[in-house]
Amino acid sequence: MDFAPHTDDDLQAMLAAVGRSSLDDLFTHIPQGLRPPGEPNLPRGRSEDETLSALARHAAANHTDAVCFAGGGAYDHYVPAAIAALVGRGELLTSYTPYQPEVSQGMLQALFEYQTVISELTGLPVSNASLYDGGSAVAEAVSMACAATRRNAVVMSSALDAPTRQVVRTYGHPLDRGTSEVDYGADGRTPVPPLSDDVAAVVIAQPNALGVVEDVRAHAEAAHAAGAQLIVKLEPIAVGLLATPGSQGADLVVGEGQPLGQGLAYGGPTFGFLACRTDQIRRIPGRIVGRTVDRAGRTGYVMTLRAREQDIRREKATSNICTNQTLCAVAALIHLSWLGPQGLRDLARACLARAQHAARRLTEIDGVELAVSGPFYKEFPLRLAVRDPQAAVTALHAAGYLVGPVVDTGPAQGAVMVALTERRTADEVEGLADALARIVKEDS
Amino acid sequence: MDFAPHTDDDLQAMLAAVGRSSLDDLFTHIPQGLRPPGEPNLPRGRSEDETLSALARHAAANHTDAVCFAGGGAYDHYVPAAIAALVGRGELLTSYTPYQPEVSQGMLQALFEYQTVISELTGLPVSNASLYDGGSAVAEAVSMACAATRRNAVVMSSALDAPTRQVVRTYGHPLDRGTSEVDYGADGRTPVPPLSDDVAAVVIAQPNALGVVEDVRAHAEAAHAAGAQLIVKLEPIAVGLLATPGSQGADLVVGEGQPLGQGLAYGGPTFGFLACRTDQIRRIPGRIVGRTVDRAGRTGYVMTLRAREQDIRREKATSNICTNQTLCAVAALIHLSWLGPQGLRDLARACLARAQHAARRLTEIDGVELAVSGPFYKEFPLRLAVRDPQAAVTALHAAGYLVGPVVDTGPAQGAVMVALTERRTADEVEGLADALARIVKEDS
Amino acid sequence: MPVMGERTATEPTLFDRSRPGRRASTLPALDVPDVDPVQALDGVELAEAPPALPELGELDLVRHFTRLSHRNHGIDVGFYPLGSCSMKYNPRMSEAAAALPGFRNLHPWAPDEAAQGTLALLYDLQQWLAELTGMTTATFQPAAGAHGELAGLMLFRAYHEDRGDARRTIIIPDSAHGTNPASAAMCGYDVVTVPSGDDGLVDVEALEALVDESTAGLMLTNPNTVGLFELDIERIAAALHRVGALLYYDGANFNAICGRVRPGDMGFDVVHLNVHKTFATPHGGGGPGAGPVLVSDRLAPYLPAPVVVRRDDGSYAWDHDRPKSIGRLHGFHGNIGILIRAYAFLLFHGGDGLQQMSGKAVLNANYVASQVTDVLPLGYPQHQPMHEFVSTGRAIKVHGVRVTDLCKRLIDLGFHPPTNYFPLIVDEALMVEPTETESRETLDEFSAALRQAVAEAAEDPDRLRDAPVTTPVRRLDEGRAGRELVVRWSSDQA
Amino acid sequence: MPVMGERTATEPTLFDRSRPGRRASTLPALDVPDVDPVQALDGVELAEAPPALPELGELDLVRHFTRLSHRNHGIDVGFYPLGSCSMKYNPRMSEAAAALPGFRNLHPWAPDEAAQGTLALLYDLQQWLAELTGMTTATFQPAAGAHGELAGLMLFRAYHEDRGDARRTIIIPDSAHGTNPASAAMCGYDVVTVPSGDDGLVDVEALEALVDESTAGLMLTNPNTVGLFELDIERIAAALHRVGALLYYDGANFNAICGRVRPGDMGFDVVHLNVHKTFATPHGGGGPGAGPVLVSDRLAPYLPAPVVVRRDDGSYAWDHDRPKSIGRLHGFHGNIGILIRAYAFLLFHGGDGLQQMSGKAVLNANYVASQVTDVLPLGYPQHQPMHEFVSTGRAIKVHGVRVTDLCKRLIDLGFHPPTNYFPLIVDEALMVEPTETESRETLDEFSAALRQAVAEAAEDPDRLRDAPVTTPVRRLDEGRAGRELVVRWSSDQA
Ligand SMILES: Cc1ncc(COP(=O)(O)O)c(C=O)c1O
Ligand SMILES: Cc1ncc(COP(=O)(O)O)c(C=O)c1O
């Protein structure tokens with residue numbers, strides 16, 4: 001099967017126009033040894049109906065019924081129905097990078113609006129038009145800080161989520177970037193680390209991977225005192241309550257966009273956001289949209305500062321990013337506009353109330369206690385009196401409750417993360433408590 | 001909760017502009033006795049998230065896993081994914097009757113195209129822009145025939161599906177319409193009935209409710225000889241193979257649109273189609289779209305012959321229909337355009353091959369035989385050697401196979417209909433055969 | 001209109017784009033023996049060629065309908081103040097609800113055990129609608145308001161017949177919607193028209209004079225089609241009930257009172273609701289909607305069969321055992337998918353939300369009226385409008401333009417025109433229904449546009465006569481459409 | 001553009017439309033005790049006010065994005081022959097597949113047992129992509145082509161480092177896409193550029209002279225960015241492999257050869273595929289796409305961890321035990337939803353369908369070339385183009401217009417322009433990639449428009465300079481955008 005509209009007549013006429021007698025004939029100039037005979041060894045083509053039935057069987061083989069208390073950067077926030085309807089509109093869905101701004105004003109304006117809401121969330125004036133994800137966004141921010149400071153070392157909090165720490169290391173390795181970690185303390189907060197003069201950036205998360213709210217201001221001051229920049233990986237719902245990292249002195253605020261209208265989707269596609277101060281704008285990776293006027297003086301939008309990008313600057317570009325995650329960014333824009341300021345605040349407050357309630361309720365269980373003492377708003381680590389925390393997670397999943405991830409390092413190592421979004425009810429917490437009590441008891 | 005965008009400021013300002021102090025104040029001129037205090041006794045409003053969760057629980061309480069061999073006017077044909085994406089586009093979805101043609105050319109042109117494909121399927125030149133469903137379409141056609149012949153009796157084949165026969169009776173009763181039935185024969189075909197001179201119309205189905213192909217030409221000739229009209233309720237996929245009823249002499253061809261891209265959806269929304277000869281156009285119920293030109297000579301489309309309709313003609317209108325099933329009609333247009341002529345033929349042929357195979361395979365079972373002998377293409381009645389066929393249907397459903405309905409009248413009464421669309425595989429037929437064999441055996 | 005280009009200013013039909021042999025569809029390969037139709041359908045007249053459907057690839061199909069959509073106005077595009085139609089926001093939530101596979105994949109003849117989710121939903125919906133209307137039982141078969149009217153009048157007839165009481169006439173106000181008399185006629189009744197008084201309400205004395213033992217009933221919209229609440233409704237009801245006649249409530253305007261005033265309390269015996277109006281299900285370019293009919297106990301026995309019931313064991317079922325039923329009005333169960341959307345809407349709003357809804361709908365209408373009625377006076381200024389108001393454009397006639405022209409000018413100003421020339425009792429009627437989902441800014445902009453168009457009627461009437469000029473086509477020759485009657489494409493057309 | 005109206009010719013921003021206190025969102029009511037943030041988050045610096053997000057009702061939100069969409073071109077609206085991007089039909093089937101709840105509702109950290117459906121799909125996809133590319137193992141983390149390039153070059157580095165072999169340079173043709181050198185730089189390599197010969201292919205002798213023991217590898221697109229197949233690819237591969245260097249295949253142009261020629265057979269060691277190009281997943285205004293990387297066995301140990309594996313018991317799992325892995329490139333698993341669409345696309349096509357796809361893609365490009373290259377000569381006419389061709393608009397410069405102007409004129413003629421000014425080695429480059437999903441009629445209409453625009457360049461160059469005039473905005477002042485740098489809305493802006 002294929003989606004080509006060619007009739008037999010079309011094929012004959014078009015082949016005649018190009019002086020060929022068959023489709024295969026268009027490939028005969030390629031060395032014969034590179035043209036294996038026959039078809040590739042894939043299943044034979046099938047109808048749309050059969051294709052979708054096969055996909056439906058795969059989808060059904062996933063188990064998504066467990067009540068989701070899992071966190072670790074992806075949260076079961078509600079995604080309003082309007083998002084899919086709007087980003088599914090063909091004019092948006094099937095467009096590409098707006099190289100021709102006159103026929104791309106829709107996407108360009110949406111991205112300008114997106115940059116504005118990211119600027120609001122981060123407390124910094126400049127946002128790009130999206131990055132791949134939160135992990136690579138941190139890595140790109142590290143590069144920016146290195147370029148800005150002309151230094152090549154980075155200090156990461158060990159309370160930055162493990163995958164992101166790995167991404168930073170992976171990106172840094174070929175560039176001989178010195179990458180070290182500072183351990184978080186018993187309260188789950190990252191102490192202000194001593195900084196040598198080769199350190200370009202300190203990276204912390206807000207709230208961090210233990211759910212704990214960091215003291216961004218203290219880190220910013222210390223970093224700046226050492227001539228380094230502070231990069232904050234922000235969980236964006238948190239600023240419904242917390243001060244924006246930008247207002248607290250962070251130089252670069254990045255984050256994983258998953259909580260903003262992306263759904264769980266096994267973690268992708270989502271997007272990464274990145275914001276900086278105006279003096280860093282020429283170092284920003286990827287697309288930026290700017291406002292301007294047309295020949296008739298009407299407001300319009302274009303991609304701007306293109307001389308940073310790979311297609312113009314090649315090996316001197318600020319990043320290699322080309323295709324980004326625009327449609328995800330537009331979904332986030334819709335989500336944030338749907339929420340509005342008060343909705344975002346209410347959402348964050350709902351997480352706070354539910355998380356506090358759940359923490360109280362779950363730690364009533366014998367053998368269950370909070371693994372850190374610092375302040376949290378939607379996610380917290382539980383220390384379980386069990387031999388193998390991963391086995392407890394599996395047992396909870398079998399009982400219908402998804403929790404995790406398990407903390408990989410530091411004082412709370414082995415603790416199990418529990419996250420509460422606005423969707424998790426008191427009844428569901430009771431159910432989790434019952435299951436947890438049973439599992440901990442059976443293990444001890 | 002509500003979807004009103006009013007802020008408190010808006011409310012104050014607007015109430016002030018209309019000289020009221022509260023929303024309630026806008027209702028105080030209504031007699032107090034008609035204004036019960038408090039709220040209506042409905043569940044309290046809830047969030048979109050909670051609303052959709054509740055709906056998802058309802059949806060999950062339906063059992064839709066059984067393999068669908070059911071027929072009776074609704075068939076499990078595949079609905080291509082492009083349909084939902086296109087009819088879901090807001091400009092189409094959220095428009096209404098195109099009273100302002102200049103801003104409704106999209107829907108008007110689509111309906112003009114719809115009328116054309118219906119004309120092609122039925123073999124008659126004039127189609128309206130949709131009716132509620134197949135049942136009411138037959139009733140409307142009967143009214144047209146009565147008006148045309150100035151007679152007031154109708155003869156229906158008992159091989160017209162039971163619900164449609166009931167709808168015709170319901171519509172006819174207040175108008176003292178004589179309504180009688182002619183029994184189909186052992187072959188499942190409707191014999192040409194004797195017609196008295198008060199008969200306005202004969203109604204048959206093609207293929208009929210037993211799945212059997214009728215001799216439309218013979219019925220048309222007989223009806224015309226008696227001064228009556230022939231109404232054919234057409235299952236539209238059938239004309240992938242069969243001659244169109246219009247080409248065989250039918251005066252009015254109507255049908256249930258479900259097989260044309262509507263999905264099962266518990267039977268609604270779907271639509272009814274209706275086509276007639278040009279000389280009947282002024283008696284047609286509902287909207288008709290016609291082509292014309294604008295002031296600049298450009299082609300455009302408008303609703304036409306409006307003087308038939310209720311908003312102009314009131315009690316003299318050809319029907320009371322106002323809101324119809326336009327979006328369903330557009331879905332059918334997309335489906336038929338997706339199929340194309342060859343696709344429609346292939347689809348009908350796939351039904352034929354699968355139905356013939358299934359009939360052969362199932363009648364190999366002891367105690368299972370065809371209940372009629374006439375030709376069929378996708379649906380056929382099976383006589384089961386069981387005490388209670390309805391109980392057998394229930395048992396089959398429990399075994400994972402949906403069949404039916406059970407024939408309500410005539411020689412095949414008590415037989416169970418089995419339908420095969422292009423989706424039913426040989427394996428599924430084997431599964432049905434096994435279950436059926438077991439159930440028949442256990443019952444005897 | 002597409003984002004660019006001269007070439008795309010018109011959109012050819014599917015048939016113009018069709019090329020022999022092209023095709024979008026794919027079908028599963030046969031895993032059973034192929035069959036020769038000539039043999040298998042021996043004696044049957046087969047088609048020589050399949051119907052001449054359009055032949056296009058899937059991309060060109062998608063483009064065609066995308067481009068057609070660009071030539072169409074909808075609520076999602078802008079304000080749509082079509083009076084009597086409640087063109088409010090159609091929640092995407094409701095679309096998502098109806099698209100759930102458990103609803104989409106249910107066969108209409110699936111046994112009740114397999115349909116418990118839908119049946120429970122319909123049962124709840126029946127209870128809620130009964131509560132809102134002051135009725136007790138529902139039929140969900142009617143696919144639209146007019147279908148509900150027909151059902152309701154059949155119930156009148158069945159009720160009277162059951163009492164051996166043959167009645168011939170239905171009384172309908174002169175302001176009524178065309179479906180009312182048309183439904184009465186389809187139900188074999190003679191229509192008697194009752195005039196409206198000078199204040200736009202039913203002339204109660206005239207009505208009382210018309211009512212007698214031959215009266216089967218009265219059909220009434222309340223608020224009525226000039227947007228006014230029939231303040232004498234209790235007296236009207238009494239007049240009819242006194243002679244054994246019944247009252248039918250046309251629910252097209254239920255948005256004005258939903259959650260606040262109940263037709264049953266007013267004395268109505270049968271009610272239809274237009275869920276595509278009040279409960280915000282999409283109008284789909286003309287449909288599908290749904291027109292469930294609610295009745296009081298004494299009419300319940302006659303409802304179309306089957307009706308949804310709750311069994312003692314808590315399960316839900318279709319009850320077919322309805323000996324006095326008027327029979328069926330639909331080949332399946334009605335527009336269930338639309339009712340699912342209505343259910344979602346009601347669950348979301350709750351009783352409190354519905355009161356907000358109707359309150360704000362009435363506020364929005366009165367607000368627009370307060371901004372424009374100095375230049376477009378109300379047809380009946382004596383009473384406060386409810387969720388819509390009817391102005392008369394009579395005054396602009398002196399400039400040689402009519403309300404049609406005003407409406408076409410509104411299009412150029414970016415607004416879908418209100419309903420016009422209905423109801424018939426107001427000269428040059430303009431019927432504005434903003435609905436509750438519009439913002440004050442939109443109402444202000446619309447009011448300003450309306451005022452501008454009225455001003456231009458005096459200053460520059462040609463501008464109105466020429467309008468619209470910003471649309472894909474300009475005014476269309478409706479006369480020619482009716483004379484030449486091209487109602488399908490054919491290859492010999494230019 | 002909207003269907004009507006002067007008023008709607010521009011669309012205000014969300015912020016212009018915002019009104020304090022308005023809101024679309026609803027949240028579940030709290031069923032736990034409310035908490036005072038100041039107490040619960042004692043010592044934490046809280047925001048005084050939440051971020052100044054836009055405040056709109058849901059209807060106005062829906063309208064805003066609907067209207068924005070009316071100001072945007074996409075494949076669904078019309079032809080989009082953007083060279084190097086494979087702007088083909090995005091099947092709605094694939095969208096439906098990715099939207100299935102079983103895929104949508106899976107948490108990224110769900111245990112492997114809960115993700116068997118997705119893992120099995122990824123495993124199959126790995127096998128199919130390996131078969132198509134002649135490789136063996138995949139990573140799905142790269143979110144786009146450039147991300148894949150970075151991953152691939154990191155694999156080069158890991159491979160060489162593992163052998164104690166420090167290499168410094170990556171060779172890249174002068175015709176290469178900008179991401180290639182940018183990725184090399186991000187991977188710490190020095191970029192060495194190899195020139196193209198007069199025929200548009202890599203100058204093999206120049207290449208052989210550049211290759212030495214410091215060469216880590218070569219990045220190559222084949223067909224290359226002028227649309228020509230690198231006929232000497234085997235000799236090129238031999239030259240690199242001879243010195244222990246590796247070959248990277250940039251899969252942006254895989255649509256030309258998919259199912260017919262395999263990078264692995266040509267000698268490539270690492271391959272990325274742009275599934276948003278070849279496998280028709282939507283480009284989404286710039287993304288998301290996916291750039292899975294396939295490698296031969298000898299590079300497999302270095303792949304980002306985890307990789308998907310099939311266990312002996314038939315179950316599927318993420319294998320984290322990859323001691324030589326370069327580490328992670330993505331915070332989760334990559335753009336899984338895009339890969340699901342690609343899977344649907346491949347299952348639908350099958351091996352046979354993919355051959356049709358690439359054959360017709362090449363036919364379409366050559367057909368358009370046959371219609372226009374007399375007026376827009378090929379940059380390199382010596383070889384037959386594959387799925388795209390690059391013409392030069394050099395000739396129109398004598399009329400004082402450039403390819404930019406030609407492109408803007410094409411917009412007025414109803415077509416999205418081709419890629420232009422890339423690749424850099426062709427003067428006034430115009431890079432046309434029609435893809436296989438376009439019909440002959442569309443190609444003919446486009447060819448005619450291109451010829452018309454070329455003719456007008458001589459006859460009426462101002463028409464080109466003024467273009468476009470049929471769009472929501474005319475040419476935009478890019479200089480001003482760069483100088484004034486307004487990159488977010490603020491209330492003090494006009
Ligand atoms: C007052 C009134 N009554 C009845 C109807 C008929 O309803 P429907 O169009 O749903 O059949 C309408 C529809 O516009 C109406 O406005
Ligand atoms: C030849 C070539 N290589 C690489 C890329 C980069 O791919 P992506 O945009 O998916 O990152 C592109 C994208 O346009 C391309 O055309």
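Chain identifiers are assigned alphabetically (A, B, ...) following the order of the sequence lines, protein sequences preceding nucleic acid strands; residue numbering begins at 1 within each chain.
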>> A side-chain contact here means heavy atoms from C-beta on lying under 4.5 Å apart; do A:Pro36 and D:Asp265 qualify?
In response: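 Yes, their side chains come closer than 4.5 Å.
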
>> What I'd like to find out is whether the side chain of D:Met93 reaches to under 4.5 Å of the side chain of A:Thr51, using heavy atoms alone.
In response: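 Result yes, sub-4.5 Å side-chain heavy-atom pair found.
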
Select, from [options], the one with the greatest count of heavy-atom pairs under 4.5 Å involving chain D.
options                               : value
A:Pro43, A:Gly340, A:Ala17            : A:Pro43
A:Gly267, A:Gly135, A:Ser95, A:Gly268 : A:Ser95
A:Tyr99, A:Tyr171, A:Tyr132, A:Tyr96  : A:Tyr96
A:Gln342, A:Arg349, A:Gln356, A:Arg35 : A:Arg349
A:Val302, A:Thr244, A:Leu92           : A:Leu92
A:Arg44, A:Arg169, A:Gln115           : A:Arg44

Between [X] and chain A, with a heavy-atom cut-off of 4.5 Å, which part of the residue counts as in contact: side chain, backbone, both or neither?
X        : answer
D:Leu14  : both
D:Ala184 : neither
D:Glu58  : side chain
D:Gln116 : both
D:Val473 : both
D:Glu438 : backbone
D:Ile340 : both
D:Pro28  : both
D:Ser25  : both
D:Leu27  : side chain
D:Ala49  : backbone
D:Met186 : both
D:Lys88  : neither
D:Glu131 : side chain

>> Checking A:Asp24 against D:Arg260 for the salt bridge (Lys or Arg N to Asp or Glu O under 4.0 Å) test, could you report, in this order, the C-alpha distance in whole Å, the side-chain angles of both residues, the deciding distance, and whether it holds?
In response: CA-CA 9 Å; A:Asp24 289 348; D:Arg260 294 174 173 272; 2.8 Å; yes

>> For D:His383 together with D:Phe229, are the ring centres under 6.0 Å from each other?
In response: no

>> For A:Tyr266 together with D:His333, are the ring centres under 6.0 Å from each other?
In response: yes

Is the side chain of [X] donor-acceptor paired with the backbone N or O of [Y] at a distance under 3.5 Å, no angle test?
X        : Y        : value
A:Thr94  : D:Pro282 : no
A:Gln310 : A:Asn320 : no
A:Ser104 : A:Pro98  : no

Is chain D contacted by the side chain of [X], its backbone, both, or neither, given a heavy-atom distance below 4.5 Å?
X        : value
A:Arg354 : both
A:Glu256 : side chain
A:Asn324 : both
A:Gln248 : side chain
A:Leu339 : both
A:Glu113 : both
A:Pro80  : neither

Between [options], which shows the greatest number of heavy-atom pairs under 4.5 Å with chain A?
options                               : result
D:Val35, D:Leu347, D:Asp477, D:Thr437 : D:Leu347
D:Gly331, D:Ala47, D:Gly353, D:Gly21  : D:Ala47
D:Tyr89, D:Trp109, D:Tyr80, D:Phe332  : D:Phe332

>> Going by the rule ring-ring contact (aromatic ring centres under 6.0 Å, His included), which residues pair with D:Phe103 if we only count those two or more places apart in sequence or in a different chain?
In response: none

> In chain order, what residues pass the ring-ring contact (aromatic ring centres under 6.0 Å, His included) check against A:His58, with sequence neighbours excluded?
Replying inline: D:Tyr343

> Relative to the ring of D:Phe348, is the ring of A:Phe3 parallel (under 30°), tilted (30 to 60°) or perpendicular (over 60°)?
Replying inline: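 Rings of A:Phe3 and D:Phe348: parallel, under 30°.
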
> Do the side-chain N and O atoms of A:Ser119 and D:Arg488 include a donor-acceptor pair separated by under 3.5 angstrom?
Replying inline: yes

